[in-house]
Asks: 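Mind looking over this structure? Questions follow.
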Amino acid sequence: MSLAWLARRLAGVVLTFAVIVAAVFGLLRLAPGGPFDGERALPPEVEANLRAAYHLDEPLPYQFARYVAALAQGDLGPSFRQKDFTVNDLVARGMPVSATLGAGALVLAAGVGLWIGISAGLRPGSRRDALLMSIASLGIALPPVVAAPVLVMVVAVFWQLLPAGGTGGPAHYVLPVLALALPYTAAVARLTRGSVVETLAAPHLLTAAAKGLPQRRVLLRHILPLALLPVLSYLGPMAAGLLAGSVVVEQVFDLPGIGRYFVQGAINRDYTLVMGVTLVYAALVLLFNLAVDLLYGRLDPRIRLAR
Amino acid sequence: MHRFLLSLITLLLSATVAAELRIGLGGEPSTLDPHRYNLRIEETVLTDLFEGLVTFAADGSVAPGVAESWQTSDDGLTWQFNLRRDARWSDGHPVTAEDFVYAFRRLLNPATAASLAYFMYPLANAREIATGEAEPHTLGVQAEQPHTLVITLAAPYPYLPERLLYPTGYPVPRHVVERVGDDWVRPEHWVSNGAYTLKDWRPQEAIELARNKHFHTPATLAGATYVPVASAQNAFNRYRTGDLQAIAGFPAGELERLRAERPAELREAPLQSAFYLAFNTTKPPFNDVRIRRALALAVEPRVLTHQVLKTGDIPSESLVPPMVPRYTPPALPHANLPQAERLRLARALLADAGVGERLEVTLKHAAGIANKKASLAIAGMWRQIGVRTRLHQAELRAHYADLRQGNFEVGHAAWLGEANPEHYLALLYSGTGDTNYGRYANAEYDALFEQAKLQADVAARHALLAQAEAVASADYPVMPLYAAASQRLVSTRIRGWRENARDVHPLRYLAVDP
């Protein structure tokens, strides 16, 4: 991998990020309503005072310049609605919760998904393949918005085995992680299976078998690296998405992560909060994609050479 | 030694089963600065953290707070509040009249950007200060003595004590605010003068309160936690697992079952509130009183509350909720008419107005099962007089934005709040601004309303207000429907909980059985 390639990729990341900053800023201001609409209507002079306090009375380019200047120093600004906290504060408090939830789901989805996918893919058409794949199809059909309330109702409310929501210990994460991981596990499993089946048909595997290489070695050295490529490009954005929190799961389980801020911030027109969590998410996606690109080179010599 | 061990064990045991109270809060407060708050959920927490000149009694009525007594001048313009000597901030500092002067000026100072600053507009010069036309020190409030506060009003306002119940009337610890600025609301700097003080606040997770040991009447409960919940379903789940001991909302569909299965835990109470239909009086054909009258006649509030909603709401023919004291609403022109007669009259009015059976109405309502059910039922009632209704539903915020901008024909509206008729009848005053959604303007109504506002005597004031309502009721600018009920689930372990029309439940009156 050349340094020039890395520099080009990094420049692309920075440029994409800049475009996202501008686009989100513009889109938010286009939404109707404002951050100060509450349960009670405000007299115009009071609303004017509020707008002045948050610099919303300035022309948009000024506001944008002010935002970018602060952003350059890592300051995401004050939250319009959570007035006692800065956006940095809220993200710093919410991120560990979202990251714990996401990492749990990621490990579960990747681990179980790969295992199912590989064991089904190695014997395509077998009874085990059929069984595992029908379970996986079911998993894909159970997004968290369905799975989470069912898990709460059955495991927490009826059996009273685990907490129904909130925080307080590892037990509070079991159901959320399960609900979040389910569809991802199924997706990883299906993707891995397909990829393994395809790789098995490749000519160099015939060579490997003909050379009399042990099966284990064939699997680890020749099948998996190739078969995992498509899975890896799926896992990158998936990891970013999982770590940035899940709107639905955090909502259903009352978890204080940053996922909830996407919806709440948008409904409340909390411009800075929505900007903040969106930019954190965008940064994660960009970084994970870059990481996947780097890993690609390590797994597939053809890609390494092309750079 | 044995005795020591034994007492240690009992101590440990009692610590582990110590009555802990966790209360579900229907959302995350946007601030705990009493001058910057806006939402009811914030009011709930602030009521426990601060004490104003007056405070809530356990039944939601006005009780002496930091002020142990007060007197009014004959013209109703000057109010003297006598402060209790043992009022203390949670750091031991005395609470003085100066603290209130500082707080009220801070509230109205435009730099504070207090969204509810207008709650204190009855004070002399308040509006001028909020608009930047006068300096904060010109506000009608003085500390005559360290424990004597004198408030001067712009016009008589007999409901001042009730108005002072809102957090906008709470003091803030000047000695802390001036030292640490806006960070004073952080738990590490927190100082307040209520029965409780802020121990910790983890956004979206918990607001932990601990007893204020300097409070003049120490509370029974050592502490409590408000737990923000993302939805009524979450609250209900967490209540059923025992995680929360009291919740404010549960899924609407559960009510019937809860009434049957958990009657001891279900606390229902009518809420001081007005739910009504607003007619846009500037938009043809709704500028025609015959059309408005016909639509109003066809609606039966009692059918709505007792056969459709069945959530304990109280039908009301007046815009002023029935539980508002010392107010007798005027007899309405259509009161006591049998329904068949009302419908016949309504059809005749429509024919007279020249629309016959061709009238189409768009009825706007906020999202929510109850709103939807009520709107569907109203559409059904209008069908009986040949009116076709299109329902239009929008998210709460968008719905009220539409109403305020006059972007509607007929709109479902709600007004919550106070125990005085003026609070509700102001909605029909032409000078009120955009919360007079239908832009109703009647010179006679306005004159009576303005005259009422000059009366210091409550009886005289309310008599004029009733006259004003009688004038308006002939014009049908609104169709009053009902006062809604509040429903809560409260564990039977909690003692001291009293349902009330304001739906307030200060922690200081509660105790929890282990």
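Values below: all heavy atoms of this structure, side chains included; hydrogens, waters and symmetry mates excluded. In what follows, chains are A, B, ... by sequence order, proteins preceding strands, each numbered from 1.
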Asks: Need one label for L32(B): side chain, backbone, both or neither, based on atoms under 4.5 Å from any heavy atom in chain A.
Replies: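 Contact with chain A: backbone and side chain both.
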Asks: Checking A114(B) against chain A: side chain, backbone, both or neither under 4.5 Å from a heavy atom?
Replies: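 Backbone of A114(B) only, per the 4.5 Å heavy-atom cut-off to chain A.
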Asks: If contact means a heavy atom pair closer than 4.5 Å, which residues of residues 139-168 of chain A contact chain B?
Replies: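 Hits under 4.5 Å: V152(A), M153(A), A156(A), V157(A), Q160(A), A164(A), G165(A), G166(A), T167(A).
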Asks: Look up atom CZ in R202(B) and atom CZ in R93(A), then write down how far apart they are to the nearest 0.5 Å.
Replies: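 Here the interatomic distance stands at 9.0 Å.
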Asks: Atom CD of residue position E133(B) - does it have more than 12 heavy atoms of other residues, nucleotides or ligands inside 6.0 Å?
Replies: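 Count over threshold, so yes.
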Asks: Can you tell me how far CZ of R81(A) sits from OG1 of T31(B), rounded to the nearest 0.5 angstrom?
Replies: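 These two atoms lie 11.0 Å from each other.
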Asks: Does any backbone or side-chain atom of D182(B) lie under 4.5 Å from a heavy atom of chain A? Answer side chain, backbone, both or neither.
Replies: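 Neither the backbone nor the side chain of D182(B) comes within 4.5 Å of chain A.
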Asks: Less than 4.0 Å between a side-chain N and a carboxylate O, is that true for R238(B) and D254(A)?
Replies: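 Looking at D254(A) and R238(B), the cut-off is met.
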Asks: Might you point out which heavy atoms bring D84(A) and V185(B) nearest each other, and give the distance in Å?
Replies: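 Closest heavy-atom pair between D84(A) and V185(B): CG-CG2, 3.5 Å.
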Asks: Can you give me the closest heavy-atom contact between Q251(A) and N234(B), atom names plus distance?
Replies: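 Closest approach of Q251(A) to N234(B): O-ND2, 2.6 Å.
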Asks: By a 4.5 Å heavy-atom criterion (distance strictly below it), what part of D89(A) contacts chain B: side chain, backbone, both, or neither?
Replies: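 Contact with chain B is through the side chain of D89(A) alone.
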Asks: Among A113(B), S30(B), G27(B), G132(B), which has the most heavy-atom pairs under 4.5 Å with chain A?
Replies: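 Top option by heavy-atom pairs under 4.5 Å: S30(B).
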Asks: Heavy-atom distances under 4.5 Å only: say whether Y121(B) touches chain A with side chain, backbone, both or neither.
Replies: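 Answer is side chain: those atoms of Y121(B) sit under 4.5 Å from chain A.
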Asks: Would you indicate whether the side-chain heavy atoms of E45(A) and Y118(B) approach each other to under 4.5 Å?
Replies: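 Answer no - side chains too far apart.
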Asks: What part of R51(A) gets within 4.5 angstrom of chain B, counting heavy atoms only: side chain, backbone, both, or neither?
Replies: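 Neither part.
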Asks: Apply side-chain contact (heavy atoms from CB on, under 4.5 Å) to residues Q204(B) and E250(A) and explain how you reach the verdict.
Replies: CA-CA 10 Å; Q204(B) 318 255 22; E250(A) 288 178 15; over 6 Å; no
Asks: Write down the atom of A130(B), the atom of N49(A), and the distance for their closest heavy-atom approach.
Replies: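 Looks like O-ND2, 3.1 Å.
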